[in-house]
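Worksheet: the structure to be examined is printed underneath.
It should be emphasised that the depicted structure is a prediction, and the values quoted were computed from it without experimental measurement. All heavy atoms count here, side chains included; hydrogens, waters and symmetry mates do not.
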Amino acid sequence: MKTVFDAKTGELLGAHMIGAEVTELIQGYTIGKTLETTEAELMETVFPHPTLSEMMHESVLGAYGRALHI
């Protein structure tokens, strides 16, 4: 998974997802895009552990070199 932001504004532009069960994660990006969520807001969002959804959090953090679990 890779999350893409606008470097100047922090606007969520989209994501690339490949793998089993990624269709379970599409709604997070759809909601984020609809609500015009920024990278800062997503970085501060609580994602439950252990779940597939925390892949989104790791991807957001990874976009800014802050991934927790490499």
Check your understanding: Can you name the nearest heavy-atom pair linking E41 to T45, along with the distance?
Key ->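 In terms of heavy atoms, the two residues are closest at O-OG1, 2.8 Å.
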Practice item. Looking only at non-hydrogen atoms, find the nearest pair between F5 and G10 and report the distance. Key: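 That would be CD2-O, 3.4 Å.
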Interatomic spacing from [atom1] in [X] to [atom2] in [Y] - rounded to 0.5 Å:
X   : Y   : atom1 : atom2 : answer
T3  : E39 : OG1   : CD    : 11.5 Å
E58 : L68 : CD    : CG    : 5.0 Å
Y29 : L42 : OH    : CG    : 8.0 Å
M56 : E24 : CE    : CD    : 14.5 Å
T38 : D6  : OG1   : CG    : 11.5 Å
L25 : M1  : CG    : CE    : 4.5 Å

Review point. Residues in salt bridge (charged side-chain N to carboxylate O under 4.0 Å, His left out) with E11, at least two apart?
Key: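 Counting only residues at least two positions away or on another chain, E11 forms a salt bridge (charged side-chain N to carboxylate O under 4.0 Å, His left out) with K33.
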Point to revise | E21 atom CD: more than 12 heavy-atom contacts under 6.0 Å | key: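 Incorrect, the count does not exceed 12.
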**Study point:** Enclosure of L35 CG (heavy-atom neighbours >12, cutoff 6.0 Å)
**Key:**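 Counting other residues, nucleotides and ligands, CG of L35 exceeds 12 neighbours.
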Review point. Sequence neighbours excluded, which residues qualify as side chain to side chain donor-acceptor pair (under 3.5 Å) partners of K2?
Key: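 With neighbours one apart ignored, the set is empty.
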Review point. In terms of hydrophobic clustering (I, L, V, M, F, W, Y; side-chain heavy atoms under 4.5 Å; direct or indirect links), are L61 and L13 co-clustered?
Key: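 No: no chain of side-chain contacts under 4.5 Å links L61 to L13.
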Exercise for review: Using atom types as modelled and distance alone, determine if a side-chain donor or acceptor of S59 lies under 3.5 Å from a backbone N or O of M55.
Suggested key: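 Flag not set: sc S59 to bb M55 has no pair under 3.5 Å.
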Point to revise | Mutual orientation of the aromatic rings belonging to H57 and F47 [parallel < 30°, tilted 30-60°, perpendicular > 60°] | key: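 Answer is parallel, since the angle falls under 30°.
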